[in-house]
Amino acid sequence: MAESNVTVTPWANPDRHEIPIKSILVTQPQPTTDNSPYLSIAEKYGIKVDFRAFIEVEPVPYKEFRKDKVDILAHTAVIFTSRNAVDHFFRICQESKIEMPADMKYFCISDQTAYYLQKYIVLRKRKLFVGEKTAKDLFEVIKKHKNEKFLFPCSNIRKEDIPEFLEANKIKHTEAIIYKTVAADLSDLDDVTYDCIAFFSPSGISSLFINFPNFKQNNTRIAAFGPTTAKAVRDAGLELDIEAPMPNAPSMTGAIEVYIQNMKAKK
């Protein structure tokens, strides 16, 4: 990731895809378990895999939250799209000395988020509604409860899909920014180069250039998960080499492995 790298355009270095991947930087926190699929790739192909979160979450102070004059108890339902949203929502509730009523309804984007919610409340089927995985899946659930007044706790950086859906369907809602997504300090990575860097959000790309404004791709392969991340890669003037999800590779690790196998097949 040193500044001395050479800018890459699609035609700048046609042989770059022939250079073996021996090191990967995953722009996410270190896994807490030993069964990470990235570690399987490392062992299977003899590749060094490092983890480093490119973005950090900062809480919105309660005093700052109060300025938005959001009345939590004036709502009948809460939409959660991440564990960060769950944590910071209940932090705000604790700091404002609010106890959530027993009849409050919770709409979670996935089973994982719903399960995490149990850290704070006792869940009952009558008040918990879960989507399959994406916001679009959750929309179908929300449509069946259009008369609720929704609270959407979120970050200062979030996708437009949920607010746009609520607006388009004239569903009463309030958006509450309860935490902020900011660039992590990556100064210790200066002069460190990886054969592949895997990104998972546009914020990760922003963090890269905030930390290294003169970053040049050179022979580093760029991997991106999701269309918005892929767009951010291209908008930044980088060449996207590995894109996920794909029909034959629904995960980032799957897409990276397909790329590695394709490289081996060409030899």
Side-chain angles (χ1 to χ4, degrees), residues 53-131 134-185 201-204 206-207 210 228 232:
F54 270 39
I55 57 176
E56 295 178 347
V57 170
E58 290 184 352
V60 169
Y62 176 58
K63 289 184 179 180
E64 184 177 333
F65 173 78
R66 287 183 60 186
K67 294 178 182 179
D68 293 332
K69 297 181 179 180
V70 175
D71 185 353
I72 293 176
L73 295 180
H75 301 80
T76 60
V78 186
I79 299 173
F80 289 120
T81 58
S82 70
R83 293 191 297 179
N84 280 327
V86 173
D87 281 336
H88 289 282
F89 173 76
F90 284 99
R91 172 185 59 82
I92 290 292
C93 287
Q94 182 179 23
E95 292 178 2
S96 57
K97 298 181 180 179
I98 290 176
E99 184 174 343
M100 299 304 289
D103 59 351
M104 180 67 74
K105 295 179 180 178
Y106 301 94
F107 292 75
C108 297
I109 197 168
S110 66
D111 286 330
Q112 289 83 358
T113 305
Y115 181 78
Y116 189 73
L117 187 58
Q118 295 182 83
K119 178 179 178 181
Y120 296 96
I121 64 171
V122 177
L123 298 179
R124 300 184 180 89
K125 290 183 178 180
R126 63 181 175 84
K127 65 178 182 180
L128 178 65
F129 307 89
V130 185
T134 67
K136 187 176 180 180
D137 298 328
L138 189 59
F139 295 163
E140 298 303 316
V141 181
I142 292 176
K143 282 181 180 179
K144 299 176 182 178
H145 301 269
K146 293 184 65 173
N147 294 327
E148 303 292 343
K149 187 172 182 182
F150 289 88
L151 179 63
F152 177 38
C154 59
S155 168
N156 61 319
I157 299 176
R158 52 98 178 113
K159 294 181 180 179
E160 300 287 342
D161 48 5
I162 290 179
E164 287 180 352
F165 166 79
L166 297 172
E167 288 286 351
N169 288 273
K170 298 180 179 179
I171 297 174
K172 293 181 180 179
H173 67 282
T174 304
E175 187 174 320
I177 297 176
I178 56 174
Y179 65 99
K180 297 180 180 179
T181 304
V182 299
D185 180 3
S201 71
S203 299
S206 297
S207 178
I210 288 173
T228 57

Review point. According to the salt bridge (Lys or Arg N to Asp or Glu O under 4.0 Å) rule, which pairs have a member within residues 106-122, sequence neighbours left out?
Key: Asp87-Lys119

Review point. Hey, what do you get for CZ (Arg91) to OG (Ser96), rounding to the nearest 0.5 Å?
Key: 10.0 Å

Exercise for review: Could you list the residues that satisfy side chain to side chain donor-acceptor pair (under 3.5 Å) with Gln118, not counting sequence neighbours?
Suggested key: none

Check your understanding: Does Glu95 CD have over 12 foreign heavy atoms under 6.0 Å away?
Key -> yes

Point to revise | Nearest atoms (heavy-atom pairs only) where Phe54 meets Gly204 | key: CD2-O, 3.6 Å

Exercise for review: Mark yes when over 12 heavy atoms from residues, nucleotides or ligands other than Tyr62 sit less than 6.0 Å from its OH; otherwise mark no.
Suggested key: yes

Check your understanding: Do the side chains of Ile72 and Met100 get nearer than 4.5 Å, heavy atoms only?
Key -> yes

Point to revise | Rounded distance (nearest 0.5 Å) linking atom CD1 of Ile92 with atom CZ of Phe65 | key: 5.5 Å

Check your understanding: Residues in salt bridge (charged side-chain N to carboxylate O under 4.0 Å, His left out) with Glu140, at least two apart?
Key -> Lys143

**Study point:** Point-to-point distance, once rounded to the nearest 0.5 Å, from CD of Glu148 to OG1 of Thr76
**Key:** 3.5 Å

Review point. What distance separates Ser201 OG from Ile157 CD1, expressed to the nearest 0.5 Å?
Key: 8.0 Å

Point to revise | For Ile178 against Pro153, the heavy-atom pair lying closest together | key: CD1-CB, 3.4 Å

Can you give me every donor-acceptor pair (side chain of residues 165-175, partner residue at least two apart or in another chain, under 3.5 Å) with its distance?
unit_1 : atom_1 : unit_2 : atom_2 : d
Asn169 : ND2    : Phe165 : O      : 2.8
His173 : ND1    : Ile171 : O      : 2.8
Thr174 : OG1    : His75  : NE2    : 2.8
Glu175 : OE1    : Arg158 : NH2    : 2.9
Glu175 : OE2    : Arg158 : NE     : 3.0
Glu175 : OE2    : Arg158 : NH2    : 3.1

Review point. Below 4.5 Å, heavy atoms only, C-beta onward: do Ile162 and Phe139 meet side chain to side chain?
Key: yes

Point to revise | Over all atoms of both residues, closest heavy-atom pair of Ile142 and Ile79 | key: CD1-CD1, 3.8 Å

Practice item. Answer yes or no: are there more than 12 heavy-atom neighbours, outside Asn147 itself, under 6.0 Å from its atom CG? Key: no

**Study point:** Partners meeting salt bridge (charged side-chain N to carboxylate O under 4.0 Å, His left out) with Glu58 (sequence neighbours left out)
**Key:** none

Practice item. Please step through side chain to side chain donor-acceptor pair (under 3.5 Å) for the pair Ser155 and Thr181, ending with a clear verdict. Key: CA-CA 6 Å; Ser155 168; Thr181 304; 2.8 Å; yes

Exercise for review: Please round to the nearest 0.5 Å and tell me the distance separating atom CG of Leu151 and atom CG of Asp71.
Suggested key: 9.5 Å

Point to revise | For Ser207 against Ala183, the heavy-atom pair lying closest together | key: OG-CB, 3.6 Å

Review point. Under 4.5 Å between any side-chain heavy atoms of Val60 and Lys180, yes or no?
Key: yes

Review point. Considering residues at least two apart in sequence or located in another chain, which fulfil the ring-ring contact (aromatic ring centres under 6.0 Å, His included) criterion with Phe107?
Key: Phe129, His145, Phe150

**Study point:** Straight-line distance of Phe80 CZ to Leu128 CG, nearest 0.5 Å
**Key:** 10.5 Å

Point to revise | Leu73 side chain near Pro101 side chain, heavy-atom distance below 4.5 Å | key: yes

